[in-house]
Amino acid sequence: MRYRKLGRTSIEVSEIGYGAWGVGGGQQWKGGDDDESLRALQRAFELGVNFIDTAYAYNEGHSEKLVAQAARTAPRHVYIATKVPPKNRIWPARPGIGIEQVFPYDYVVEMTEKSLRNLATETIDLQQLHVWNPEWIARDEWRRAVEDLKKSGKIRSFGLSINDHQPDSALAALKTGLIDAVQVIYNIFDQSPEAALFPLVQQLNVGVLARVPLDEGALTGTIDANSRFDKDEFRAFYFKGDRPRQVEEHVKALQKDLAGVPGTLPDIALQFCLSHPAVSTVIPGMRRARNVESNCAVPDRGPLPGDTLSKLRKHAWNKNFYS
Ligand SMILES: NC(=O)c1ccc[n+]([C@@H]2O[C@H](COP(=O)([O-])OP(=O)(O)OC[C@H]3O[C@@H](n4cnc5c(N)ncnc54)[C@H](OP(=O)(O)O)[C@@H]3O)[C@@H](O)[C@H]2O)c1
């Protein structure tokens, strides 16, 4: 494993972090179980992972509790990032909805305290807002909450989880100086953070969590025109209708261009994220130990060579399957 500084914080995070949405299970992710998830988390710690991204909303605290249970017996300190869910439970934040309906001051503090209890800790290493709307920039609610939570020691650092495929919506917030890290969709299909967000985070020394690096599984090469998911789970929505066929078409074109490049498609997808120096950690979702093992071997491969990165440029795919 290799480690990078999380922006201007003193935290050194593993290049492979652990996305803990899937291990939360519930209605959103089916097909896993807690015992298997605990084995996967423990294997990740053995292989040097020291950073986990969870959220209160990942099955109403279940992911947080499971992560905390696993971290208690880890061989080293595990840094945990979590998130305050929007009070109106609407993802992503919608234009025109005021912050008083989404992140009122008292609510942000109360939810942070709930997460502290779920995580059985006195300080959250990185607390994030689970959605962000740039219209809230000048509002006092979130600014005061961040300052007070830091002063009281309940959080160590603060970040934003940026709305899907809208990296530029966080630019103004970064300039307030209150943001220590951002979490953004960054993968071979969505390379848009490279245009404005990454240069700004580098200038301001803000950490970056590259989320959904495998495009919810599309970049694993396991989804084809016939793929179907349990009707209630999140991925049945994400890969609805004709989308599996579109994925198959894009992935086939990608694999054709990657002929001769060493590594599997998931290896190359994670390597792609780590090849950008603005990225502090990439956080694939992993419920199985075998996925943990292959993903944790990726940092040793180093960055992708320039000619491979050039080939990948043309595979950027402008879509929003979250809508
Ligand atoms: N709004 C937000 O803030 C937000 C939204 C989405 C995600 N996130 C964060 O980002 C993390 C990552 O996103 P995600 O989990 O949704 O999607 P993802 O990382 O793009 O993909 C996860 C899927 O890839 C599979 N996988 C992982 N490694 C693999 C490998 N080496 N080979 C084959 N398959 C592999 C996983 O399988 P198994 O699970 O079966 O191992 C899972 O089905 C989340 O867990 C969460 O922490 C945040």
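Every value quoted in this text rests on a predicted model; they were computed, and no experiment measured them. Both counts, for ligands and for their atoms, begin at 1 and track the order of listing. The analysis underlying the following values was restricted to heavy atoms, covering all of them including side chains, and did not include hydrogens, waters or symmetry mates.
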Between E233 and Q27: side-chain donor-acceptor atoms closer than 3.5 Å: no
Is there a chain of hydrophobic side chains (I, L, V, M, F, W, Y, each step under 4.5 Å between heavy atoms) that links V212 to L214? yes
Pair N50-S14, side-chain donor/acceptor within less than 3.5 Å: yes
Would you mind telling me which of F158, W142, W91 makes a ring-ring contact (aromatic ring centres under 6.0 Å, His included) with W132? W142
Quick one: does ligand 1 sit under 4.0 Å from the side chain of Q128, the backbone, both or neither, non-hydrogen atoms only? neither
Single-linkage hydrophobic cluster L126~L116, side-chain heavy atoms < 4.5 angstrom: no
Numbered in order shown, the ligand 1 atoms found under 4.0 Å of a heavy atom of A20 are 45 (O), 47 (O)
Quick note on ligand 1: atoms under 4.0 Å from a heavy atom of D53 include exactly 9 (C), 46 (C), 47 (O)
Any side-chain heavy atom of L129 within less than 4.5 Å of one from F103? yes
Taking atom types as modelled, find out whether S63 and T54 have a side-chain donor-acceptor pair closer than 3.5 angstrom. yes
Of all protein heavy atoms, the one nearest atom 34 (N) of ligand 1 is T220 CG2, 3.3 Å
Pairwise ring-ring contact (aromatic ring centres under 6.0 Å, His included) hits with a residue in residues 5-36, at least two apart: W21-W29, W21-Y58, W21-F234
What protein heavy atom lies closest to atom 5 (C) of ligand 1? Include the residue and the distance to one decimal. R211 NE, 3.5 Å
Among all protein heavy atoms, pick the one closest to atom 3 (O) of ligand 1 and tell me residue, atom and distance. S161 OG, 2.5 Å
With heavy atoms of G217 as the reference, note each atom of ligand 1 found under 4.0 Å away. 21 (O)
To which of V212, D215, V282 does the heavy atom nearest atom 6 (C) of ligand 1 belong? V212
I want to know if ligand 1 touches Y322 in the polar sense, i.e. an N/O pair below 3.5 angstrom. no
To which protein heavy atom is atom 16 (O) of ligand 1 closest, and what is the distance rounded to 0.1 Å? E216 OE1, 2.5 Å
Decide whether the shortest distance between a heavy atom of Y18 and an atom of ligand 1 is less than 4.0 Å. no
Would W29 count as a contact residue for ligand 1, given that I'm defining contact as a non-hydrogen atom of the residue lying under 4.0 Å from a ligand atom? yes
Check whether the side chains of D34 and H62 place a donor and an acceptor atom closer than 3.5 Å, and report yes or no. yes
If you take the centroid of each ring, where Trp contributes its six-membered ring, are F189 and H315 closer together than 6.0 Å? no
Show which atoms of ligand 1 fall inside a sub-4.0 Å distance from at least one heavy-atom site of K83. 3 (O)
With no hydrogens and no angle check, do the side chains of Y107 and E141 hold a donor and an acceptor under 3.5 Å apart? no
Please list, in number order, the atoms of ligand 1 under 4.0 Å from a heavy atom of H130. 1 (N), 2 (C), 3 (O)
Would you check if there is a donor-acceptor pair between the side chains of Q28 and N59 at a distance under 3.5 Å? no
heavy-atom search around atom 24 (O) of ligand 1 in the protein gives L214 CD1, 3.7 Å
Please tell me whether S161 and Q128 have a donor and an acceptor in their side chains that are separated by less than 3.5 angstrom. no
Protein contact to atom 27 (C) of ligand 1 [nearest heavy atom, distance to 0.1 Å]: G285 O, 3.1 Å
R290 touching ligand 1 at heavy-atom level, < 4.0 angstrom: no
Between D148 and Y105, do the side chains contain an N or O donor and an N or O acceptor separated by less than 3.5 Å? yes
Side chain or backbone of Y58 under 4.0 Å from ligand 1, or both, or neither, by non-hydrogen atoms? side chain
Contacting atoms of ligand 1, where contact means under 4.0 angstrom from a heavy atom of R235: 43 (O)
Checking contacts here: is it the side chain or the backbone of N295 that comes within 4.0 Å of ligand 1, counting heavy atoms only? Could be both or neither. side chain
Ligand 1 atoms nearer than 4.0 angstrom to some heavy atom of S294 are 31 (N)
Atom 40 (O) of ligand 1: the protein heavy-atom neighbour that sits closest, reported with distance to 0.1 Å: R288 NE, 2.9 Å
Just which atoms of ligand 1 are under 4.0 Å from any heavy atom in G19? 11 (C), 44 (C), 45 (O), 47 (O)
Around atom 32 (N) of ligand 1, find the nearest protein heavy atom and jot down its residue, atom name and distance. N291 OD1, 3.4 Å
Hey, what's the ring geometry for Y322 with H165, parallel, tilted or perpendicular (30° and 60° as the breaks)? tilted
Contact partition for I283 relative to ligand 1, non-hydrogen atoms under 4.0 Å: both
Judged on heavy-atom distance to atom 38 (P) of ligand 1, which of R287, Q28, E293, E36 sits nearest? R287
